[in-house]
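Right, one structure below, let's go through it.
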Amino acid sequence: MSSAPLLPTVSNFIRTIIDNDLAAGLHKNIITRFPPEPNGYLHVGHAKSICLNFGLAQDYQGKCNLRFDDTNPEKESEEYALSIQEDVRWLGFQWEGNVHWASDYFDDLYRFAVELIDKELAYVDDLTSEEMREYRGTLTLPGKNSPYRDRSVAENLDLFARMKAGEFADGARVLRAKIDMASPNINLRDPAIYRIRRAHHIRTGDKWCIYPMYDYTHCISDALEGITHSICTLEFEDHRPLYDWVLDNLSIACHPRQYEFSRLELHYTITSKRKLLQLVNNKLVSGWDDPRMPTIQGMRRRGYTPAGIREFSKRIGVSKSGNSVDMAVMEGAIREDLEAIAPRVVAVINPLKVTITNYEGALTREADFHPNHPEFGRRMVAFGPELFIEADDFSELPPAGWKRLTLGGEVRLRHSYVMRCDEAIKDVDGHVIELRCSIDHATLGKNPEGRKVKGVIHFLSCAHALPAEIRLYDRLFTVAEPDADREVDFCSYLNPDSFTIVWGWVEAAVQDSTPETAYQFERLGYFCTDRRDHQPGLNLVFNRTVTLKDSWTKS
RNA sequence: UGGGGAGUCGCCAAGUGGUAAGGCAACGGGUUUUGAUCCCGUCAUUCGUAGGUUCGAUCCCUACCUCCUCAGCCA
């Protein structure tokens with residue numbers, strides 16, 4: 001491995017807390033956890049959380065658990081759980097020991113609920129959900145006590161046991177924590193902690209017909225696993241008093257502390273599970289792994305690398321302030337990784353035919369796969385009497401500063417000769433359809449004498465080029481914050497040009513590459529062979545991961 | 001109009017009583033057979049606003065402004 005200098009990690013408020021806790025001897029080692037609900041695919045926001053939780057464990061030589069918050073059987077599936085594990089591993093992390101499941105604690109959770117009832121801190125409520133909503137009050141008005149709030153311990157114990165035994169219909173009763181119906185924090189107005197739901201659970205099957213709620217489950221799960229720092233996003237900030245209330249009132253020695261950070265917003269995309277699902281269901285994208293999707297599966301198929309995503313996560317930092325990160329941060333991080341690992345090859349995606357009028361005696365030449373990594377090896381760069389060049393690299397009426405090919409002008413063919421364009425052949429509409437050019441035979445591997453050639457363009461020998469399907473991806477939305485305006489449907493901002501298929505040509509060196517191989521197509525960008533559709537030697541399919549930085553076209 | 005949070009360069013983000021780190025972007029310049037990479041340089045007299053305390057404030061105090069978030073038997 002490379003011996004990159006260990007850059008000092010940027011401080012953030014969570015690291016400060018951990019440093020203080022460790023210094024104070026509160027913990028010997030830290031234990032974090034990544035707690036997804038298996039009800040959807042992971043996206044870039046989860047990637048941030050994964051990098052944070054697993055990264056912290058790594059940096060502090062602690063541990064990080066993977067725990068599925070599987071308390072809502074109606075929405076959860078094995079498919080999602082499997083995909084999530086794959087994503088975490090793909091990102092380069094390994095959880096401590098076995099995968100944990102909140103459902104592993106269902107027996108404990110039930111036992112603790114009984115303890116709460118015994119302490120007169122929980123009661124069975126017969127109110128319907130509508131009635132409960134009315135009793136709850138509003139943001140500015142206090143709630144009022146349920147008429148069932150003062151049932152005896154014995155009655156509650158009996159009712160709760162019968163809830164578990166399946167004596168009541170779904171939704172008929174609920175177990176509630178007895179806290180304070182007048183609390184200004186609505187989460188503390190006797191929150192439901194158990195509901196009756198006859199649904200098949202992915203892990204426990206039909207064993208249970210009552211399921212614990214998130215607020216009640218999460219803190220106990222954390223405590224049971226000995227989590228030291230329970231890190232979640234800002235919307236759970238108001239839930240922290242409940243998290244603490246539950247643990248303070250139960251006979252569990254461990255009391256993890258919850259800390260909240262702001263969730264990621266990325267320009268030109270969305271990070272809402274619900275909206276992502278909407279794109280998939282309405283077939284506005286090809287699926288969860290559509291390369292335009294900000295899902296981990298989508299980014300992976302696009303060609304984003306684990307190291308690139310980890311670097312992105314490091315660059316954006318962690319804080320509590322609202323943020324919307326520039327896509328350039330992601331692209332910069334991805335490019336940095338790809339720059340180091342991707343072999344350089346040539347592809348022409350918008351071909352213009354060139355006939356070399358003085359081809360006789362022309363030679364081929366070897367070229368490195370990477371200008372800074374000779375260990376990547378070399379390959380022959382085929383040459384021939386007919387070439388493809390990029391149509392964009394020729395201009396009859398070049399703008400100021402143009403360094404590429406023009407009528408009568410010279411340009412360096414990458415890894416080959418200096419070539420002059422002598423004639424442009426046009427069709428009846430006046431479009432250039434072919435160029436007739438001549439090469440300077442004295443310029444293979446050396447500069448021409450008496451003149452300078454500024455421009456370098458890439459090319460492919462027609463006889464040696466392989467046809468390939470090339471999928472060009474661009475930002476999914478036309479505006480930086482597509483869901484900023486509640487009045488406007490975010491779908492109306494979908495970018496119609498976010499996906500273009502093009503049939504181009506690639507050099508033979510890529511012929512046998514396996515799916516998910518990254519390349520730099522020189523002067524065009526980073527591409528990777530498609531994970532699903534690319535077939536080595538048979539059907540070459542490339543996805544554009546990200547373009548190269550370009551200081552020409554933008555000016 | 002209740003509760004809980006947040007406001008430091010275009011975008012992120014450190015700093016939290018001693019005179020504004022870093023990254024991304026941008027902009028100059030150098031190297032270059034990728035207009036890439038790489039290198040070098042520039043880029044906040046100022047920290048939401050207004051007062052106050054202090055020798056000294058982004059940091060402490062007061063008031064105000066703006067934004068986010070909470071009324072699922074979802075997580």
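For the numbers below, each heavy atom of this structure counts, side chains included, while hydrogens, waters and symmetry mates do not. Note on naming: letters A, B, ... go to the chains in the order of the sequence lines (proteins, then strands), and numbering restarts at 1 for each one.
Nearest-nucleotide positions on RNA chain B for A:Q520 and A:G317 put A:G317 closer to the 5' end. Judged by closest nucleotide on RNA chain B, A:H415 is the one of A:H415 and A:A484 placed further toward the 5' end.
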For nucleotides 15-20 of chain B, tabulate all protein N/O to nucleotide N/O atom pairs closer than 3.5 Å, reporting atom names and distance.
{"unit_1": "B:rG15", "atom_1": "OP1", "unit_2": "A:S11", "atom_2": "OG", "d": "3.2"}

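Using a 4.0 Å cut-off, no side-chain N or O of A:T138 falls inside it from OP1 or OP2 of B:rG2. Applying the 4.0 Å criterion to OP1 and OP2 of B:rA13, one finds that A:S321 has a side-chain N or O inside that range. At B:rC70, none of the side-chain N or O atoms of A:R136 fall inside 4.0 Å of OP1 or OP2 (strictly under the cut-off). At least one side-chain nitrogen or oxygen of A:S551 sits closer than 4.0 Å to the OP1 or OP2 atom of B:rA36.
Side chain A:R414 to base B:rU33: no donor-acceptor pair is found below 3.5 Å. Contact annotation: side chain of A:R197 to base of B:rC73, donor-acceptor pair present below 3.5 Å.
Ring planes of A:Y110 and A:W208: tilted class, angle from 30 to 60°. Ring geometry for A:H239 against A:Y214 counts as perpendicular: the plane angle is over 60°, on a 0 to 90° scale with 30° as the lower cut.
Helical stems in RNA chain B, defined as runs of 3 or more consecutive Watson-Crick or G-U wobble pairs with both donor-acceptor distances under 3.5 Å, are listed by first residue as B:2-7 with B:65-70, B:10-12 with B:22-24, B:26-30 with B:38-42, B:48-52 with B:60-64.
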